[in-house]
Engineer: 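Quick one: the structure is below, and I'll ask about it shortly.
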Protein chains: 2
Amino acid sequence: MIRILIADDHQMFIDGLRSLLERDKNILITGEANNGLQVMECIQKLKPDLVLLDINMPELNGINTTALIRKKYPDVKILILTMYKTKGFINGLIRAGASGYILKNTGNAELMEAINTVAGGGTFFSKDVAETLTEKHTKYTPLEDAVLSKREIEIIREMAKGLTTKQIAERLFISSYTIETHRKNILHKLQLTNTAEVILYASQSGLIN
Amino acid sequence: MIRILIADDHQMFIDGLRSLLERDKNILITGEANNGLQVMECIQKLKPDLVLLDINMPELNGINTTALIRKKYPDVKILILTMYKTKGFINGLIRAGASGYILKNTGNAELMEAINTVAGGGTFFSKDVAETLTEKHTKYTPLEDAVLSKREIEIIREMAKGLTTKQIAERLFISSYTIETHRKNILHKLQLTNTAEVILYASQSGLIN
DNA sequence: ATAAGATTACCCATTTATTGGTATTGTGGG
DNA sequence: CCCACAATACCAATAAATGGGTAATCTTAT
C-alpha cells in the first residue's frame, strides 16, 4: 500500500487526481494540501510514503518545500507534478531532493509508472524532462539554482506592481540604493538581465499570487 | 444525461476530471481535447451538450475558441475552467459566449453545481469571479477590454524574453522607433506604466505560452 | 564563536525605457 | 469609396534601470 499526499493549489486538480488514483487498490490518498505550509503540517500528521507536489504553490514554493521535506522527513519520497520544464527548475528540484519530475501533460500510464517507481525507491523523469536535462546550455537560460531571500521576493512583488526603485524604497522605508542592490542581486542570482525576465520568471514560478 | 467534452492542455487534469465526473450516472464524457483546434473537431464529431474549457491552451486560445463554438454551434454550452480571474478576460469570455466561469481552486460540489446549472441553460460564476466583476475600477488594473493587435502581442512576447527595444527591432527587421511606438501603444491600451506590469499582465492572462 | 548569507548603504557611468509629439502608408469592414 | 485602425517611422527630453564597484551591520545556523 502506497500512502500518498497530494499538494496542489487547484482543488479541482486534487479532486480529479484523488478520484483517479483511488481506483488503484494499492494506493491510499492520506491527505491533501493547497500550499507548502499545509504540506509540512500534513506530513507530520499523516506520514505519507510519497508526496505528489506541484511547484506552483503559494506561501512556500516547490523548491523550498522540497528541501524542507527532505531535511525533516528524509524517508518521504517526492514526485514533482508540474507544467514547467525549465532546466534551472528541474536542476534545483533534483538538488533539493525530488525523486521524480513529471509534466502534467503526461497520461495516466506514465503517472502510475512514476508513482510506483518513486515509491519503490527509484527515480522517474518524463521523457521531455530528461531531454531538457541533457540539452546543451543555451545562451538565454532563465535561471540556474535560484534561492531568493525573503526580502528579494518582497521586492520582486513590488516590482510586479509596477513600482519603480524609488517608489519601492519609499514604501519599505529604506534607501533607493538598497533596492538597487537587491535588484542587482536578483538579476545575478536568476542569471537574468532585466525586469521583464524577472517578472515572467516570478509569475511562472508562483512567486506572485 | 449530460454529454461533456473536456478541453485542457494538461492530460493529467483531464484524466482526473474524467474519473471524478464519471462517478455521476447523469454525466457522460464524450471526448477530450488538448487544444482549441481539437475542440472544434471533437464538437463536430461528438455533439456534446457542454464543453469544459480551459482558457490557457495552445493553438487557439480560450476566447477565440469560445467565440468560434458559439458561432458554429450555438446550442453547445461553454463552462470555463481556469485559474485566472482578470476582469478583462472574464468580460471577454462572457461577451464571446461562455455560460459559466469557475476557478480551478474551487471544490467538487461547486463544480457539479456549475455543470448542472449551465447544462440546464443557466449561467454560473464562482463567488470569486462574481466579486471580481463587481469590483470598482482600481488605479493599477489593466484596461478591461484591451484589444491588442497581432503585432503588439508579438512584441510583448519578445519583451518577455528579455529583449530590449533595439534587439526586438533587429529581430523583426523594423526600426527601433517603431518598437518604441508599439510599446507606447501597449502601455496606453492596457493603461499601465511600465514593462513589469505588461509582463505580469501578459503572463497572467495567458498571452505568453 | 564564527562563518556565511542577508540586509543595508553609497557612487557613478552607461544603457534603456518612458513620454509627448508628428506623420505616412496599408488594409479590412461597412 | 471611406474610415478607422494597424503598422511603420522619426525626434528629443527625461526618468529609470543596469552594471561595476565597495563596505558596514545584522542574523542565523553549525
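The shown structure was predicted, so the numbers you read here are calculated from the model rather than taken from an experiment. First the proteins, then the strands, lettered A, B, ... as listed; each starts at 1.
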Engineer: Between G162(B) and N194(A), which heavy-atom pair has the shortest distance, and what is it?
Structural biologist: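 Closest heavy-atom pair between G162(B) and N194(A): O-ND2, 2.8 Å.
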
Engineer: Could you state the atom-to-atom distance from CE of M159(A) to C1' of dT18(D) in whole Å?
Structural biologist: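 Interatomic distance, CE of M159(A) to C1' of dT18(D): 11 Å.
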
Engineer: OP1 or OP2 of dC11(C) less than 4.0 angstrom from a side-chain nitrogen or oxygen of Y177(A), does that happen here?
Structural biologist: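 It does, given that an N or O in the side chain of Y177(A) lies less than 4.0 Å from OP1 or OP2 of dC11(C).
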
Engineer: Round to the nearest Å and state the distance from I179(B) atom CD1 to dT18(C) atom C1'.
Structural biologist: 15 Å

Engineer: Tell me: CG of L172(A) to P of dT8(C), nearest whole Å?
Structural biologist: 8 Å

Engineer: Could you tell me whether the side chain of N34(B) and the main chain of D8(B) form a donor-acceptor pair under 3.5 Å?
Structural biologist: yes

Engineer: Starting at CZ of R183(B) and ending at P of dT16(C), how long is that distance when rounded to a whole Å?
Structural biologist: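 R183(B) atom CZ is separated from dT16(C) atom P by 11 Å.
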
Engineer: Round to the nearest Å and state the distance from E180(B) atom CD to dT16(C) atom P.
Structural biologist: 12 Å

Engineer: Looking just at side-chain N and O atoms, do Q11(B) and E32(B) make a donor-acceptor pair shorter than 3.5 Å?
Structural biologist: yes

Engineer: Looking across every strand, which nucleic acid part, if any, lies under 4.0 Å from N194(B) by heavy atom: base, sugar-phosphate, or nothing?
Structural biologist: sugar-phosphate

Engineer: Using a heavy-atom cut-off of under 4.0 Å over every strand shown, decide if T178(B) touches base, sugar-phosphate, or nothing.
Structural biologist: base

Engineer: What is the distance, rounded to the nearest whole Å, between atom NE2 of H188(B) and atom P of dG21(C)?
Structural biologist: 11 Å

Engineer: Go through the side-chain N and O atoms of E113(B) and T117(B) and say whether any donor and acceptor fall under 3.5 Å apart.
Structural biologist: no

Engineer: dT8(C), OP1 or OP2 - any side-chain N/O from H182(A) closer than 4.0 Å?
Structural biologist: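 For H182(A), the contact criterion (side-chain N or O under 4.0 Å from OP1 or OP2 of dT8(C)) is met.
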
Engineer: Hey, is the side chain of S176(B) poking within less than 4.0 Å of OP1 or OP2 on dA9(D), counting only N and O atoms?
Structural biologist: no

Engineer: N185(A) has an atom CG; how far is it from atom P of dT18(D), in whole Å?
Structural biologist: 13 Å

Engineer: For R151(B) and for T195(A), find the nucleotide of DNA chain D with the closest heavy atom, then tell me which residue's nucleotide is more 5'.
Structural biologist: R151(B)

Engineer: Is there a donor and acceptor pair closer than 3.5 Å between the side chain of T181(A) and the base of dC10(C)?
Structural biologist: yes

Engineer: Nearest heavy-atom pair of K77(A) and S99(A): which atoms, and what distance?
Structural biologist: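 Closest heavy-atom pair between K77(A) and S99(A): CD-OG, 4.3 Å.
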
Engineer: Within this structure, what is the CD-to-C1' distance between Q167(A) and dA17(C), rounded to whole angstrom?
Structural biologist: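 About 15 Å, once rounded to whole Å.
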
Engineer: Is T165(B) close enough to dA17(C) that one of its side-chain N or O atoms is under 4.0 Å from OP1 or OP2 there?
Structural biologist: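 Yes, because at least one side-chain N or O of T165(B) sits under 4.0 Å from OP1 or OP2 of dA17(C).
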
Engineer: Reading DNA chain D from 5' onward, which residue's closest nucleotide shows up sooner: K166(A) or K184(A)?
Structural biologist: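 The answer here is K166(A).
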
